[in-house]
> 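The structure under discussion is supplied below as structure tokens; questions concerning it will follow.
Keep in mind it's a predicted model, so treat the numbers as computed, not measured.
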Amino acid sequence: MTIEQTRSAFTGLVLFGLACLSASGLAGAHGALELDDVPEGFVKASITDRPDIQGLSSLILSAPRPGIMLRYTGNESFTVLGTEGEALLQFTRTGVSVNTASPSWEASNDKTPALGSDAATASDTSAAPTWVALSDSGSFSWLDPRLNAMADIHHQADTQQEWAIAVRRANGEVEQIRGTLMFTAYK
């Protein structure tokens, strides 16, 4: 390499460095993004107790709004009860069905619009269940309102609250999946 080539390469390198420095300065001159409605913290959901149902596993889905996933590989069916004690979801090893007449399903934000239900029927918890298949496996996840119970108290740091989702076995026995919600403020 000759002195002329070295000088030319060095000049190119210096100019490239100066361009990079000025570009970052121009980008920084516009200031940081201003955002509205930024949360002051986050809610962490956890499971503290599970029913002793052979083949049932449960998992919290961490997200801005926590969800729950159930997976079932057992032999008998079981039913997840809604917020008003009505039949909401029915699990078998080969599928999951939803009761579209359930007020909990009607109120959920994650329901499939095509399934829908008659509002008059949905408000009546004594209405006969109308089952529609949701999954061809024994797994399903959803945004349960019982895991969103802290939505109105986000401004109270380090607040903890308990939640429970009832499940009814095929023999009629009712047990609960239990857990806690903890709001933690960003430091």
Side-chain angles (χ1 to χ4, degrees), residues 37-112 115 117 122-123 125-126 129 131-187:
D37 300 326
V38 175
E40 296 180 15
F42 61 95
V43 175
K44 179 171 174 53
S46 62
I47 296 173
T48 57
D49 190 30
R50 295 172 173 88
D52 187 21
I53 298 175
Q54 184 70 30
L56 174 63
S57 59
S58 54
L59 173 74
I60 292 294
L61 304 172
S62 294
R65 179 177 169 196
I68 188 166
M69 179 175 150
L70 299 184
R71 181 171 182 251
Y72 185 60
T73 59
N75 294 323
E76 296 184 6
S77 67
F78 75 91
T79 303
V80 174
L81 301 181
T83 56
E84 297 180 25
E86 81 284 5
L88 173 60
L89 297 169
Q90 190 172 62
F91 282 76
T92 67
R93 92 173 35 228
T94 59
V96 179
S97 298
V98 63
N99 171 13
T100 58
S102 161
S104 299
W105 179 254
E106 184 63 28
S108 73
N109 292 328
D110 60 336
K111 70 178 182 199
T112 306
L115 296 177
S117 72
S123 64
T125 58
S126 64
W131 296 107
V132 175
L134 289 175
S135 170
D136 290 333
S137 72
S139 298
F140 188 70
S141 57
W142 72 100
L143 299 173
D144 194 287
R146 293 164 279 205
L147 296 176
N148 196 33
M150 296 187 79
D152 298 331
I153 57 173
H154 275 207
H155 303 291
Q156 299 175 16
D158 300 326
T159 303
Q160 184 171 322
Q161 186 172 327
E162 293 184 358
W163 60 268
I165 297 174
V167 295
R168 183 175 48 229
R169 293 174 176 251
N171 67 6
E173 182 181 337
V174 176
E175 298 185 51
Q176 294 185 335
I177 302 170
R178 295 181 175 276
T180 59
L181 298 170
M182 176 73 148
F183 178 77
T184 303
Y186 292 125
K187 305 289 181 200

> So, Thr180 and Ser46: side-chain donor and acceptor under 3.5 Å apart, yes or no?
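Side-chain D/A pair, Thr180 to Ser46: present.
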
> Could you check whether Arg169 pairs with Glu175 (Lys NZ or Arg NE/NH1/NH2 to Asp/Glu carboxylate O, under 4.0 Å)?
yes

> When rounded to the nearest 0.5 angstrom, what distance separates CG in Asp49 from CD in Gln176?
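Here the rounded value is 9.0 Å.
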
> If every non-hydrogen atom of Gly138 is compared with every non-hydrogen atom of Val96, which pair is closest and at what distance?
C-CG2, 4.0 Å

> Can the ring centroids of Phe78 and Tyr72 be said to lie less than 6.0 angstrom from one another?
yes

> Under the side-chain contact (heavy atoms from CB on, under 4.5 Å) rule, what do Val167 and Ile53 come out as? Steps first, then yes or no, please.
CA-CA 10 Å; Val167 295; Ile53 298 175; 4.0 Å; yes

> Would you name the heavy atoms of Thr92 and Ser77 that are closest together and state the gap between them?
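Here Thr92 and Ser77 meet closest at CG2-CB, 3.7 Å.
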
> Using side-chain heavy atoms (C-beta onward) and a distance below 4.5 Å, is Ile47 in contact with Ile177?
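Of all side-chain heavy-atom pairs linking Ile177 with Ile47, at least one is under 4.5 Å.
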
> For Thr100 and Trp105, work out which heavy atoms get closest and say how close.
CA-CD1, 3.9 Å

> Is the backbone N or O of Glu84 less than 3.5 Å from a side-chain atom of Glu86, with the two atoms forming a donor-acceptor pair by type?
yes

> Roughly how far, to the nearest 0.5 Å, is the CG atom of Leu70 from the OG atom of Ser135?
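So the gap between those two atoms works out to 11.5 Å.
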
> When rounded to the nearest 0.5 angstrom, what distance separates CG in Leu89 from CH2 in Trp131?
7.0 Å

> Between Leu181 and Lys44, is there a side-chain heavy-atom distance shorter than 4.5 Å?
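Not touching, per the 4.5 Å side-chain cut-off.
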
> Which heavy atom in Ser104 sits nearest to a heavy atom in Leu88, and how many Å separate them?
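Looking at all heavy atoms of both residues, the closest pair is CB-CD1, 4.0 Å.
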
> Quick one: does Leu61's side chain get under 4.5 Å of Pro66's, heavy atoms only?
no

> Looking at CZ of Arg65 and CG of Asp144, how far apart are the two atoms once the value is rounded to the nearest 0.5 Å?
8.0 Å

> So which atom in Val174 and which in Ala166 form the shortest heavy-atom distance, rounded to 0.1 Å?
CG1-CB, 4.0 Å

> For Asp136, does the CG atom sit with more than 12 other heavy atoms under 6.0 Å from it, leaving out its own atoms?
no

> Roughly how far apart are Ser102 OG and Leu81 CG, rounded to 0.5 Å?
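That separation rounds to 9.5 Å.
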
> Begin from the C-alpha positions of Val132 and Asn99 and carry the test side-chain contact (heavy atoms from CB on, under 4.5 Å) through to its verdict.
CA-CA 7 Å; Val132 175; Asn99 171 13; over 6 Å; no

> Please find the pair of heavy atoms, one from Thr73 and one from Arg93, that lie closest to each other, and give the distance.
O-NH2, 3.1 Å

> So, do Ile165 and Val80 sit near enough that their side-chain heavy atoms are less than 4.5 Å apart?
yes

> Ser58: which residues meet the side-chain hydrogen bond (donor to acceptor under 3.5 Å, both in side chains) condition with it, sequence neighbours left out?
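Checked Ser58 against side-chain hydrogen bond (donor to acceptor under 3.5 Å, both in side chains); matches are Arg50.
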
> Please say whether more than 12 non-hydrogen atoms of neighbouring residues, nucleotides or ligands are located less than 6.0 Å from CZ in Arg71.
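12 or below, so no.
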
> Between Leu59 and Ile68, does a side-chain contact (heavy atoms from CB on, under 4.5 Å) hold up when you go through it step by step?
CA-CA 6 Å; Leu59 173 74; Ile68 188 166; over 6 Å; no

